[in-house]
Amino acid sequence: MVPDIGRGSRTHGLLVYLYGPGRREEHTDAHLVGSWDGFAPDPGRDTDPQVTLARLTAALDLRVKQAGDRAPAKHVWHCSVRTAPGDRRLSDEEWNAVAQRIVHATGIAPAGDPDGCRWIAVRHAEDHIHIVATLVRGDLRNPRLNYDFNKAQAVCRRIEEEMGLRRLNAGDGTAAKNPTSAEKFKAERTGRPETSRETLREAVRQAVAGADDEKEFFTRLREAGLRVKVRHAPSGDALGYNVALPGDRNRHGEPIWYPGSKLAPDLSLPKIRLRLADGTAERATPSAAGARADWSPPARERRSATGIAERAAVLLDGDDDEAAAQLVGVGELLDAVAQTSPAATRAELAAAARAFERATRSHVRAERADTRALRSAARGIVQAGGALGRGEDGGTTAMLVSTLVLVTLAAARWHSARSHAQQAHASRQAAEHLRTAYRQAAATPMRVLHDQGRALPEAQRRTQEATLRAALPEQGVRADGTPMKTDALVATLAQAEQAGHDPEDLLQQAIDMRELDTAADVNDVLVWRLRRLAQLPAHAGEASRRPQAGTRPTKTSANRTSERNSPTAAPRPAVSDPRSRPPRR
């Protein structure tokens with residue numbers, strides 16, 4: 001059951017809308033289900049509705065007129081209350097009980113108070129009612145409506161339980177402000193897919209993702225095509241900012257400005273300054289990071305971000321409130337990936353970033369917040385520009401998105417452990433969008449790898465399959481009982497061996513990096529971990545055209561054993577050194 005509260009100044013105009021046909025003829029059988037005394041005139045049940053509508057307006061506004069200048073300018077309190085999809089149809093009597101409990105809980109008309117505000121509840125659809133109240137009490141004082149929205153939410157959660165309705169997640173006051181009904185109607189009228197508030201919120205989030213300082217943040221806003229107005233103190237210091245969409249104007253032709261704090265609690269200038277103060281980590285050069293020079297900048301940055309995201313997932317798996325800072329950094333990384341992603345995956349990645357935005361905010365505060373690595377990864381991705389949806393760019397996109405699925409699931413568990421129901425739900429939603437984006441990004445590179453695995457010589461294939469069985473004896477089938485296809489993983493192990501790595505050690509290192517229980521396909525996760533650790537191309541079709549320097553012929557298991565025992569054997573790469581493995585989790 002979802003309450004939505006607003007304020008206004010035109011009682012008659014609101015009643016005309018509630019008793020009218022609606023903007024799309026969606027209002028049917030409008031009538032009262034409750035009122036302050038149970039005897040209010042009902043235009044929906046009268047033979048002369050226009051006259052009765054005027055009588056009802058006058059009755060509601062009586063105390064407002066008596067109070068005169070002492071009445072609030074916005075004296076109309078309006079609360080729509082809607083049941084969730086799939087809920088049973090409530091009767092008029094049940095809706096009357098719901099309305100009475102809400103006006104009591106919010107302080108509009110406390111039970112047993114003869115001086116409570118006048119109110120009515122109008123029903124013109126099966127799944128919701130509208131409560132309209134005028135904000136002057138019988139003693140001509142204004143009601144105390146502190147935290148009326150929170151109180152309405154709380155009583156709705158109790159009503160859901162008592163009436164057997166779908167239990168919605170309780171809020172904690174950290175959610176972004178929802179668009180108003182007027183904003184939604186304007187978006188529909190102008191043919192926009194979303195409201196200006198939602199468009200601006202996403203644009204500001206993307207502008208702050210990886211920004212190095214305040215100046216760069218404002219520059220990105222203007223480059224995104226937004227109108228920006230910075231509020232300054234007499235000293236010249238910036239106090240805040242407002243943004244507006246070009247062409248979005250009110251009835252007077254003036255731009256409709258939104259302060260950052262009204263877009264989302266963490267988008268106010270002071271909150272953004274705290275995030276920017278954390279800075280970004282010093283970035284290693286591609287050669288120092290072991291990246292190949294023939295990979296494009298987007299591919300290198302995505303590969304680097306994958307390792308950083310893996311570490312964030314490990315921190316979120318711990319029971320430490322300091323991991324709250326990682327959520328903010330992961331949100332920036334998602335925003336950076338979404339705005340630079342290939343066209344094929346852009347919609348799902350943008351949806352994942354929008355969903356996860358809710359998961360970045362809670363009342364948990366990290367005292368030693370350090371998001372520099374994640375913010376640096378986001379900055380690198382933004383500066384590298386858009387990635388192509390093919391070749392190495394497409395492969396590294398799949399590599400990064402595969403890891404981000406596990407990160408968002410780790411965030412869901414972290415929030416669930418702290419009873420953050422809305423944030424946990426948002427994290428799971430983000431994971432579903434990321435899974436869809438992954439399937440789109442990974443289709444071609446994984447198909448190439450499967451083909452390469454099937455084309456391996458039989459002896460080489462059996463050797464790598466034996467390595468897999470020894471390391472993952474329980475991973476032969478999926479959760480639904482169907483056998484897993486290991487062709488891509490076999491091909492990756494064979495290519496890693498050809499590049500000079502020990503397949504057994506490398507596979508164990510990939511397994512030890514983090515648990516695999518939440519992976520929808522363990523083989524896919526391991527493929528990308530192995531290819532990143534061994535610095536193999538993310539798109540295996542690139543390997544035959546651009547062989548890595550220093551590769552060695554494939555060795556049999558016996559050859560590897562004899563070479564390890566040879567006193568003249570060259571040391572293996574550090575990435576394969578068993579001593580470099582993190583502890584098993």
Side-chain angles (χ1 to χ4, degrees), residues 1-20 22 26-27 29-45 53 56-64 72 74-84 87 89-113 115-138 142-160 162-163 165 168 178 180-182 184:
M1 184 170 284
V2 182
D4 187 9
I5 295 175
R7 303 280 182 93
S9 58
R10 297 174 61 242
T11 309
H12 184 262
L14 178 57
L15 294 180
V16 167
Y17 166 73
L18 295 179
Y19 277 97
E26 72 275 20
H27 295 175
D29 188 27
H31 60 282
L32 285 185
V33 295
S35 67
W36 71 95
D37 61 359
F39 297 102
D42 184 2
R45 294 290 186 265
L53 194 66
L56 179 59
T57 302
L60 285 170
D61 279 345
L62 175 63
R63 292 169 176 172
V64 176
K74 291 190 174 183
H75 63 270
V76 181
W77 186 88
H78 174 211
C79 175
S80 63
V81 191
R82 187 179 304 270
T83 54
D87 274 340
R89 183 181 185 274
L90 300 186
S91 66
D92 284 355
E93 292 74 19
E94 287 175 313
W95 275 122
N96 179 30
V98 169
Q100 291 191 43
R101 292 186 64 173
I102 289 176
V103 295
H104 167 74
T106 55
I108 293 290
D113 183 356
D115 288 327
C117 297
R118 294 191 168 192
W119 63 272
I120 60 170
V122 180
R123 182 178 190 177
H124 55 208
E126 289 192 354
D127 64 346
H128 70 277
I129 60 170
H130 293 262
I131 305 172
V132 179
T134 46
L135 300 180
V136 178
R137 290 168 43 83
N142 298 336
R144 299 186 63 178
L145 300 180
N146 297 340
Y147 307 106
D148 55 343
F149 178 75
N150 293 345
K151 293 173 182 177
Q153 286 273 15
V155 74
C156 282
R157 299 294 82 78
R158 293 193 292 272
I159 292 171
E160 289 165 355
E162 294 168 12
M163 290 190 169
L165 303 176
L168 300 184
N178 289 324
T180 65
S181 297
K184 294 176 184 176

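Side chains are part of it too, since the values below use all heavy atoms of this structure and drop only hydrogens, waters and symmetry mates.
- Looking at H12 and L15, their side chains never come closer than 4.5 Å, going by heavy atoms from C-beta outward.
- A heavy-atom distance below 4.5 Å is not found between the side chains of M163 and D87.
- Among all heavy-atom pairs drawn from Y17 and G22, the shortest one is CE1-CA, 4.4 Å.
- Within the 4.5 Å cutoff, the side chain of H78 has no heavy atoms near those of the T11 side chain.
- For residues 144-153, the set of pairs meeting the salt bridge (charged side-chain N to carboxylate O under 4.0 Å, His left out) definition, not counting sequence neighbours, comprises R7-D148.
- Looking at heavy atoms from C-beta onward, I108 lies in side-chain contact with L135 at the 4.5 angstrom threshold.
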Walk me through whether W36 and V103 qualify under side-chain contact (heavy atoms from CB on, under 4.5 Å). CA-CA 10 Å; W36 71 95; V103 295; over 6 Å; no
How far apart are the C-alpha atoms of L90 and M1, what are their side-chain angles, what is the distance that settles it, and do they pass the side-chain contact (heavy atoms from CB on, under 4.5 Å) test? CA-CA 12 Å; L90 300 186; M1 184 170 284; 4.1 Å; yes
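- The six-membered or imidazole ring of Y19 lies away from that of H27, with a centre-to-centre distance of 6.0 Å or more.
- In this structure, R123 contributes its side chain and A125 its backbone to a donor-acceptor pair below 3.5 Å.
- You'll find the side chain of S35 stays beyond 4.5 Å of the side chain of N96, heavy atoms only.
- Counting only heavy atoms from C-beta outward, the side chains of V16 and L53 approach each other to under 4.5 Å.
- Other residues, nucleotides and ligands contribute at most 12 non-hydrogen atoms within 6.0 Å of the CZ atom of R10.
- C79 contributes atom SG, which lies 10.0 Å from atom NE2 of H130 (distance to the nearest 0.5 angstrom).
- The backbone N or O of L18 sits less than 3.5 Å from a side-chain atom of H124, completing a donor-acceptor pair.
- The backbone N or O of H104 lies less than 3.5 Å from no partner atom in the side chain of R101, so there is not a single donor-acceptor pair.
- Not a single donor-acceptor pair under 3.5 Å links the side chain of T106 to the backbone N or O of A152.
- How far OG1 of T83 is from CD of E126: 9.5 Å, rounded to the nearest 0.5 Å.
- Counting heavy atoms from C-beta outward, C156 and I102 have side chains that approach closer than 4.5 Å.
- Using a distance-only test at 3.5 Å, with no hydrogens or angles considered, a donor-acceptor pair links the side chain of D42 to the main chain of L32.
- Contact record, L56 with A40: CD1-CB, 4.1 Å, taken as the closest heavy-atom pair.
- Smallest separation of non-hydrogen atoms from D115 and R137: O-CB, 3.1 Å.
- Annotation for G116 and R63: closest pair O-NH1, 2.6 Å, computed over non-hydrogen atoms.
- Counting heavy atoms from C-beta outward, W119 and Q100 have side chains that approach closer than 4.5 Å.
- Interatomic distance, I159 CD1 to L165 CG, rounded to the nearest 0.5 Å: 9.0 Å.
- Residue W77 holds its CH2 atom at 12.0 Å from OG1 of T134, rounded to the nearest 0.5 Å.
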Checking side-chain contact (heavy atoms from CB on, under 4.5 Å) for the pair I129/V122: CA distance, chi angles, key distance, verdict? CA-CA 6 Å; I129 60 170; V122 180; over 6 Å; no
